[in-house]
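A, B, ... follow the sequence lines: proteins, then strands. Residue 1 opens every chain. Since the model is a prediction, treat every value here as computed from it, not as a measurement.
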2 protein chains.
Amino acid sequence: MNIGDVARASGLPAKTIRYYEEIGLVTPRRGANGYRSFRDSDLHKLTFLGRARALGFSIEDCRTLLALYEDDHRESAQVKQVAEDHLARIDDKIAQLQGMRATLARLVEACSGDHRPDCPIIEDLGQPGR
Amino acid sequence: MNIGDVARASGLPAKTIRYYEEIGLVTPRRGANGYRSFRDSDLHKLTFLGRARALGFSIEDCRTLLALYEDDHRESAQVKQVAEDHLARIDDKIAQLQGMRATLARLVEACSGDHRPDCPIIEDLGQPGR
DNA sequence: CCTTGACCTTCCAGTGGCTGGAACCCCCAT
DNA sequence: ATGGGGGTTCCAGCCACTGGAAGGTCAAGG
């Protein structure tokens with residue numbers, strides 16, 4: 001399979017696949033013409049990566065998960081640990097965004113949004129604390 | 001005021017303040033020794049920026065908001081528009097993260113997390129579709 | 001006067017995870 | 001021979017900083 005084929009099959013852009021090769025996540029062979037030649041196992045890996053990335057795992061997490069994916073002697077506890085850590089980070093992010101959202105929503109609601117310059121949003125941003 | 005003073009007062013790292021100067025968000029004067037010399041108005045701007053950034057506004061949004069902050073003839077509708085757009089982006093992000101969270105939490109729960117290799121998380125990631 | 005140490009300066013490089021573009025090669029159909 | 005749709009490499013850029021090196025400045029203490 002050429003890069004275009006695996007791109008279509010995995011849903012990843014060809015550019016991303018080249019990048020993944022560059023950082024050592026996949027190592028396709030090369031044909032006589034210099035083209036990358038992907039095996040089924042490469043496609044599986046790329047699909048795995050696409051899915052893991054879609055769940056927000058970092059590239060380094062993906063590297064770890066991929067190693068576990070390939071390792072018949074993995075312990076599910078290792079996988080679970082990575083996933084739980086990631087889950088905690090997601091929760092942090094959500095909490096942070098919800099904090100912003102709450103403040104912002106309050107300000108937006110308080111702003112008349114008309115032709116006058118008075119604006120609670122600007123006023124709040126001008127305040128040091130909170 | 002030197003950069004250290006405004007850094008303490010605004011809560012922004014000195015590095016960040018230099019960066020903000022570089023991209024034209026603040027333009028402190030310079031003393032005879034080459035040191036940046038910040039006026040009160042500069043400090044106000046930096047505080048404003050710190051607050052806006054903490055609410056997740058992009059640098060470009062901050063540039064716009066800062067211009068409105070400085071403009072006595074602004075219309076609050078302009079400010080509100082920027083804030084509402086940002087709010088919508090935050091909501092998108094929260095929704096996306098909650099989607100990830102839901103999937104991930106389900107998988108984590110299903111994983112026994114013991115010494116055996118069988119793992120629903122890895123299995124799910126290995127699946128092409130959702 | 002000299003040293004120390006805290007402060008300031010600039011410049012360069014790196015982060016994460018791609019993405020766009022230029023310039024070029026390869027292969028097949030017309 | 002030509003055109004189009006693959007493929008290749010390499011370089012630059014995105015965002016918003018952050019770290020570090022190498023050096024200049026200033027005030028206090030010995």
Side-chain angles (χ1 to χ4, degrees), chain A residues 1-38 42-43 45-46 48-66 85-86 89-90 92-93 96-97 100, chain B residues 1-38 42-43 45-46 48-66 85-86 89-90 92-93 96-97 100:
Chain A
M1 279 179 291
N2 284 346
I3 200 165
D5 304 319
V6 283
R8 267 181 298 279
S10 68
L12 295 171
K15 278 264 180 189
T16 299
I17 296 171
R18 288 193 196 99
Y19 173 66
Y20 286 172
E21 181 187 14
E22 193 185 317
I23 63 174
L25 289 178
V26 278
T27 34
R29 306 180 187 226
R30 295 289 180 140
N33 53 10
Y35 285 18
R36 288 170 184 81
S37 173
F38 295 83
D42 293 320
L43 176 53
K45 281 197 198 182
L46 288 169
F48 182 97
L49 287 168
R51 185 99 180 88
R53 291 289 299 136
L55 286 178
F57 284 103
S58 72
I59 290 287
E60 280 321 295
D61 280 349
C62 287
R63 206 183 289 280
T64 305
L65 290 172
L66 206 47
D85 289 356
H86 180 47
R89 268 175 284 140
I90 287 181
D92 287 353
K93 255 189 216 161
Q96 201 198 345
L97 286 170
M100 290 178 185
Chain B
M1 279 180 291
N2 284 345
I3 199 166
D5 304 318
V6 283
R8 266 182 298 279
S10 68
L12 295 170
K15 279 264 180 189
T16 298
I17 296 171
R18 288 193 196 99
Y19 173 66
Y20 286 173
E21 181 186 14
E22 193 185 317
I23 62 174
L25 289 178
V26 277
T27 35
R29 304 176 186 232
R30 295 291 178 138
N33 53 11
Y35 286 18
R36 288 169 184 82
S37 173
F38 295 83
D42 292 320
L43 176 54
K45 280 195 198 183
L46 288 169
F48 182 97
L49 286 168
R51 185 98 179 86
R53 291 288 300 135
L55 286 178
F57 285 102
S58 72
I59 289 287
E60 279 322 295
D61 280 349
C62 287
R63 207 184 288 281
T64 305
L65 290 172
L66 206 47
D85 289 356
H86 181 46
R89 268 176 284 143
I90 287 181
D92 287 353
K93 255 190 216 162
Q96 201 199 345
L97 285 170
M100 290 178 185

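- The main-chain N or O of B/G4 is never found under 3.5 Å from a side-chain atom of B/N2 such that the two would form a donor-acceptor pair.
- Side chain of B/H86 to main chain of B/L55: a donor-acceptor pair is present (N/O by atom type, distance under 3.5 Å, no hydrogens or angles).
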Going 5' to 3' through nucleotides 8-19 of chain C, assign each nucleotide B (protein heavy atom under 4.0 Å from a base atom), S (under 4.0 Å only from sugar-phosphate atoms) or - (no protein heavy atom that close).
SBBB-----BBS
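- Residue-environment remark: CZ (A/R30) exceeds the threshold of 12 foreign heavy atoms within 6.0 Å.
- Using a 4.5 Å heavy-atom threshold, the side chains of B/I23 and B/R63 count as touching.
- B/C62 and B/R53 make their closest contact through SG-CD, 3.7 Å (heavy atoms, listed as atom of the first residue, atom of the second, distance).
- In this entry the distance linking CD1 of B/I17 with P of D/dA16 reads 17 Å, nearest Å.
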